[in-house]
Amino acid sequence: MLNCNVIAIDLAKNLFQVCKTQSNGKVIYNKTISRAKLKELLIKEQQSLVAMESCGGTHYWAQFAKQAGHQIKAINARQVKAFRQGQKTDANDALAISVAARQPHIKGSRLLSVQEQCLQGIECMRDLLVKQKVSLGNQLRALLLEFGYPIAQGDTKFHFLIKCI
């Protein structure tokens, strides 16, 4: 896929920096566009390699570009950093993504399916709930200790003593 145009996208919330380069590496344009214009651009452009840093929103835009018929390459931000020249600006980042995407030794990040994203989100929420439960339990134990009710560690003893109080 190195013999085609590269559309490098520096992802953001509302305004995206898009750098399009030819197969020889010559920059066609490097401009800021809105979310709606990015969707139009991905639909209208001929088949290209769409490259972006792996960050929030990568999976959405990768799936959107893939449905529009493009090849996708999500690159770790640490690998892109080595190709950036000059100050850290959106335009320089987009150009660095374009250059990094052409390198054969730069491997793309694994993109998750919608189902895998949902499962990962549920797992993260569950981990957060467990941490909050432990934190709240420790806080209650400390408060009850201040009133002379020491409670041993563990959920079973905690529940038993709470029912007795």
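What you see below is based on every heavy atom in this structure, not just the backbone, and it leaves out hydrogens, waters and symmetry mates.
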* Side-chain donor/acceptor of E116 to backbone N/O of S113, under 3.5 Å -> yes
* Structure fact -> Correct closest heavy-atom pair for N5 and Q46 would be ND2-NE2, 3.1 Å
* Asked: In terms of heavy-atom contacts, does CD of Q87 have more than 12 from other residues, nucleotides or ligands at under 6.0 Å?
  -> no
* Asked: Do I72 and V114 share a hydrophobic cluster (ILVMFWY, side-chain heavy atoms under 4.5 Å, transitive)?
  -> no
* Asked: Would a 4.5 Å heavy-atom cut-off, applied to side chains only, mark I9 and L38 as touching?
  -> yes
* Asked: Looking at L41 and V18, what are the two nearest heavy atoms and their distance?
  -> CD2-CG1, 4.3 Å
* Side-chain donor or acceptor of K73 paired with backbone N/O of A101 under 3.5 Å -> yes
* Asked: Is any side-chain heavy atom of T21 closer than 4.5 Å to a side-chain heavy atom of I28?
  -> no
* List the steps, then state whether side-chain contact (heavy atoms from CB on, under 4.5 Å) holds for Q132 with V130. => CA-CA 5 Å; Q132 288 176 338; V130 169; over 6 Å; no
* Asked: Do you reckon I7 sits in the same ILVMFWY cluster as L11, going by side-chain contacts under 4.5 Å, direct or chained?
  -> yes
* Asked: Same hydrophobic cluster for V50 and I43, using side-chain heavy-atom links shorter than 4.5 Å among ILVMFWY?
  -> yes
* Separation between CD of Q22 and NZ of K20, rounded to the nearest 0.5 Å -> 8.5 Å
* If two hydrophobic side chains count as joined below 4.5 Å and joins carry through other members, does V134 share a cluster with L140? -> no
* To do: Nearest 0.5 Å please: distance from the CG atom of D127 over to the CD atom of E123.
  => 5.5 Å
* Decide if atom CZ of F147 counts as having more than 12 heavy atoms of other residues, nucleotides or ligands within a radius under 6.0 Å. => no
* Kindly give the heavy-atom pair with the smallest separation between V6 and S98, and that separation in Å. => CG1-OG, 3.9 Å
* To do: Considering only NZ, NE, NH1 and NH2 on the basic side and carboxylate oxygens on the acidic side, decide whether E40 and R35 come within less than 4.0 Å.
  => no
* **Interatomic distance, S54 atom OG to N76 atom CG [nearest 0.5 angstrom]** => 6.0 Å
* Would you call the rings of H105 and F83 parallel, tilted or perpendicular, where under 30° means parallel and over 60° means perpendicular? -> tilted
* Asked: Any chain of hydrophobic side-chain contacts (each under 4.5 Å) joining L112 to L119?
  -> no
* **Minimum-distance pair of heavy atoms, taken over all atoms of A8 and A94** => CB-O, 3.2 Å
* Asked: Any side-chain heavy atom of E53 within less than 4.5 Å of one from I97?
  -> yes
* **Gap between atom OG of S135 and atom NZ of K133 - 0.5 Å precision** => 12.0 Å
* Verify, without hydrogens or angle tests, whether N92 (side chain) and R84 (backbone) share a donor-acceptor contact under 3.5 angstrom. => no
* Summary of salt bridge (charged side-chain N to carboxylate O under 4.0 Å, His left out) pairs that have at least one residue in residues 135-153, sequence neighbours excluded -> none
* Interatomic distance, Q71 atom CD to L49 atom CG [nearest 0.5 angstrom] -> 7.0 Å
* Verdict with supporting geometry, F16 and D10, side-chain contact (heavy atoms from CB on, under 4.5 Å) -> CA-CA 6 Å; F16 303 87; D10 185 29; over 6 Å; no
* Non-hydrogen atoms of H59 and R110 that approach each other most closely -> NE2-O, 4.2 Å
* Asked: Looking at T89, T32, D90, which one forms a side-chain hydrogen bond (donor to acceptor under 3.5 Å, both in side chains) with Q17?
  -> T32
* To do: With side-chain contact (heavy atoms from CB on, under 4.5 Å) as the test, would you mind laying out the steps for S109 and I75 before giving the verdict?
  => CA-CA 6 Å; S109 300; I75 307 169; 5.9 Å; no
* Ignoring hydrogens and angles, state whether a donor on the side chain of S23 or R102 is under 3.5 Å from an acceptor on the partner side chain. => no
* Between W61 and K39, does a side-chain contact (heavy atoms from CB on, under 4.5 Å) hold up when you go through it step by step? -> CA-CA 9 Å; W61 288 108; K39 287 182 178 183; 3.8 Å; yes
* From K88 NZ over to D93 CG, what is the distance, rounded to the nearest 0.5 angstrom? -> 3.5 Å
